[in-house]
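All remarks here apply to the structure that follows.
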Amino acid sequence: MSHASQISLTFPDGARRDYTAGVTAAEVAASIAPGLAKRAISATVNGAHYDLQWPITADASIAIHTMADDTQALELIRHDLAHIMARAVQEIWPEVKVTIGPVRDQGWFYDFDRAEPFTPEDLGAIEARMKQIINARDPVRTEVWDRARALAYYEERGEPFKIELINRIPEGEDLRMYWHGAWQDLCRGPHLQHTGQVPADAFKLTHVAGAYWLGDATRPMLQRIYGLAFKNREDLKAHLTMLEEAAKRDHRKLGREMDLFHLQDEAPGMVFWHPNGWQIWRTLEDYMRGRLRTAGYKEIRTPQVVDRILWEKSGHWEAYRENMFIVEVDEEGAKEKRINALKPMNCPCHVQVFNQGLKSYRDLPLRLAEFGSCHRYESSGSMHGLMRVRGFTQDDAHIFCTEDQIGSECESFIRLLASVYKHLGFDGFEIKFSTRPDVRIGSDETWDKVEGMLEAAVKAAGVPYEVDPGEGAFYGPKLDFKLTDAIGRKWQCGTFQVDPNLPTRLGAEYVAEDGAKHRPYMLHRAILGSFERFIGILIENYAGKLPFWLAPRQVVVASIVSDADPFVHEIVGALRKAGVRAEADVRNEKINYKVREHSLGKVPVLLAIGMKEVEDRSVSVRRLGDARTETMSFDAALAEFGFAALPPSD
RNA sequence: GCUGCAGUAGCUCAGUGGUAGAGCGCGUCCUUGGUAAGGACGAGGUCGGGAGUUCAAUCCUCCCCUGCAGCACCA
């Protein structure tokens with residue numbers, strides 16, 4: 001076909017070299033240095049990641065990767081492992097149908113269609129077979145096939161999922177077929193040169209779980225096998241250790257150990273708070289109440305059970321009924337049952353408060369806050385400890401304002417949120433700015449205006465944000481705030497949404513300077529999101545070791561000998577008077593036992609009191625996580641812990 | 001909601017077609033011990049709920065509930 005024309009490749013250091021068109025990255029690497037040729041694994045050409053064998057036909061920028069490039073190396077290793085696993089599965093069970101197997105965080109998965117479930121023993125067998133395939137150092141080859149050939153091939157093999165995939169690939173696009181030894185799979189690549197390049201001791205099949213074909217709940221349920229893979233054994237071990245650490249932080253486990261809360265069958269998704277857990281809640285609520293008061297919010301309280309008439313007006317009955325707890329009541333003398341619903345959100349009730357009496361523009365912005373208890377019928381499979389529940393309380397507020405107040409309200413909200421997160425131990429958070437979705441209400445003009453205001457406000461707050469196009473609510477754009485916890489997980493907690501819709505539906509209006517009635521904007525906003533979930537996040541973030549001011553039991557004063565008991569009680573009394581949550585431990589146990597028990601109970605400070613302390617009116621201080629002890633005077637202890645018990649302030 | 005797995009003492013878990021065990025915890029007693037488990041004795045279970053098979057079910061079968069891992073959902 002084409003005669004040998006020259007192309008020019010630009011390297012990361014800016015150097016250019018000329019090659020014959022159709023040159024492969026492997027050949028390019030060889031032309032630079034034999035050592036590089038040997039170590040090369042793939043190449044990035046014009047920003048896209050390719051195999052070494054892929055021909056380069058035009059001028060391009062190129063970077064040759066070796067195993068030293070973590071991002072590319074891990075992608076290739078994990079991607080090849082997906083194929084190797086699928087091959088191993090089909091070698092063991094030829095009747096199993098293959099589907100897709102992408103790379104994901106820390107590893108990969110592959111979805112299979114098989115009548116019998118995979119067992120843990122099966123995973124072991126698959127893993128063993130995978131190691132054989134790796135050790136065989138089978139070459140990885142690729143070919144471009146035309147559609148008809150690929151369809152015929154999979155038709156013959158009886159692979160309906162692959163056929164569907166091919167039919168979903170746009171006409172005219174190349175179909176690439178990859179061989180790992182004699183086994184082949186439709187794949188866009190890239191891959192390593194041979195299976196032996198995959199480290200045989202740095203992967204592990206972890207578990208199997210159901211997953212819908214193409215993520216669609218109406219399609220067949222497949223079996224997804226998950227694997228973890230790294231460049232070497234040490235990295236794998238480190239990751240497994242990290243997973244163990246994360247499991248130790250599980251708030252469900254810590255919640256039991258620290259006696260914070262429980263859940264039981266009779267009330268799925270509803271939390272029974274124990275004294276220790278409820279103490280955390282109240283500390284957090286009091287703190288938030290203080291922050292909201294200074295920020296100019298008014299706290300209100302609205303009903304739990306509200307007639308369906310209001311939900312019909314607000315649109316919830318139509319759009320959200322599936323998720324609502326319905327309460328039917330036989331009213332005296334009534335022909336029909338009265339239908340109520342437990343409120344799933346607070347906004348309609350807040351509009352009712354706004355609507356009482358005539359509001360003037362002088363009342364705006366009106367910030368109505370409620371620690372609003374809501375109930376949502378979440379699907380059974382989605383509940384998870386405190387993180388996803390059916391009964392929860394939001395730190396909710398709705399700001400009724402004019403259009404030109406949106407910007408400044410947003411800005412001060414972001415400042416408040418950042419300060420609260422910082423106080424609660426989360427330094428980092430990210431902002432997602434979600435813009436107009438395809439399906440929406442309101443004019444493009446309004447959207448332009450409101451989006452512009454929101455964006456300007458985020459910019460003014462001086463915090464980085466990402467635009468998430470089309471992800472806004474149907475009624476308006478929003479900001480979502482995701483904080484990062486101590487082990488790098490992200491949690492979406494805060495939100496700020498502009499809503500010109502609900503005030504219209506529920507008839508909110510105010511009298512403006514012109515004497516006419518106008519529609520206010522309504523801003524939905526939350527900082528913590530839900531108390532339940534946020535407390536779960538706090539527990540996991542701190543691995544149960546809450547900072548002093550949040551800890552349910554802050555100080556335990558433990559006697560070493562019972563002759564010290566009167567002084568112990570005196571200390572506890574004085575600490576409580578100073579605002580410290582203190583408890584006495586005068587049980588007939590040795591001090592070793594008490595130290596162990598309260599350390600496991602995550603009490604920040606233990607004061608041990610023996611006769612020495614009684615004699616010079618001092619305390620022996622032992623702080624959580626520190627085996628050293630320190631002696632200080634009774635008065636010094638009172639001053640220190642009384643101060644430490646105060647909530648943080650700027 | 002879907003797929004798979006699970007539910008035995010307060011907790012963690014073992015176990016068996018003939019109505020059950022350990023450790024921790026709990027109670028009582030002894031012990032007053034100086035910074036991560038002192039000792040002895042004791043109490044405690046309708047083996048998640050219902051139905052079926054069986055002479056007999058905690059164990060086998062079916063249904064339900066709840067939980068766990070994912071998937072889907074999260075206006």
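The structure presented is a predicted model; accordingly, all values stated were derived computationally and were not measured. Reminder, nothing fancy here: chain letters follow the sequence lines and each chain counts from 1.
Below the 3.5 angstrom threshold, one finds a donor paired with an acceptor across the side chain of A/Ser562 and the base of B/U32. Contact annotation: side chain of A/Arg622 to base of B/A36, donor-acceptor pair present below 3.5 Å. Not a single donor-acceptor pair, N or O on each side, falls under 3.5 Å between the base of B/G70 and the side chain of A/Gln223. Taking 3.5 Å as the limit, the base of B/A72 and the side chain of A/Ser382 contain no donor-acceptor pair of atoms between them.
Under the Watson-Crick or G-U wobble criterion, with both distances below 3.5 Å, B/C41 is paired with B/G27. Across the strands present, B/A14 finds no partner; the criterion is a Watson-Crick or G-U wobble pair with both atom distances under 3.5 angstrom.
When each of A/Leu607, A/Val619, A/Val586, A/Val614 is checked for a side-chain contact (heavy atoms from CB on, under 4.5 Å) with A/Val568, only A/Val586 meets the rule. Under the salt bridge (Lys or Arg N to Asp or Glu O under 4.0 Å) test applied with A/Glu540, the options A/Lys253, A/Arg489, A/Arg533 reduce to a single match, A/Arg489.
For A/Arg252 and B/A69, the shortest distance from a side-chain N or O to OP1 or OP2 is below 4.0 Å. Contact annotation: A/Tyr593 side-chain N/O to B/G25 OP1/OP2 distance is under 4.0 Å.
At a cut-off of 3.5 Å, with distance as the only test, no side-chain donor of A/Ser434 or A/Asp468 sits close to an acceptor on the other residue.
Closest approach to the A/Lys590 side chain among B/G70, B/A72, B/G38 is made by B/G38 (side chain taken as heavy atoms from C-beta onward). Listed nucleotides B/C73, B/A36, B/U66 differ in distance to A/Asp265; the shortest reach to its side chain belongs to B/U66.
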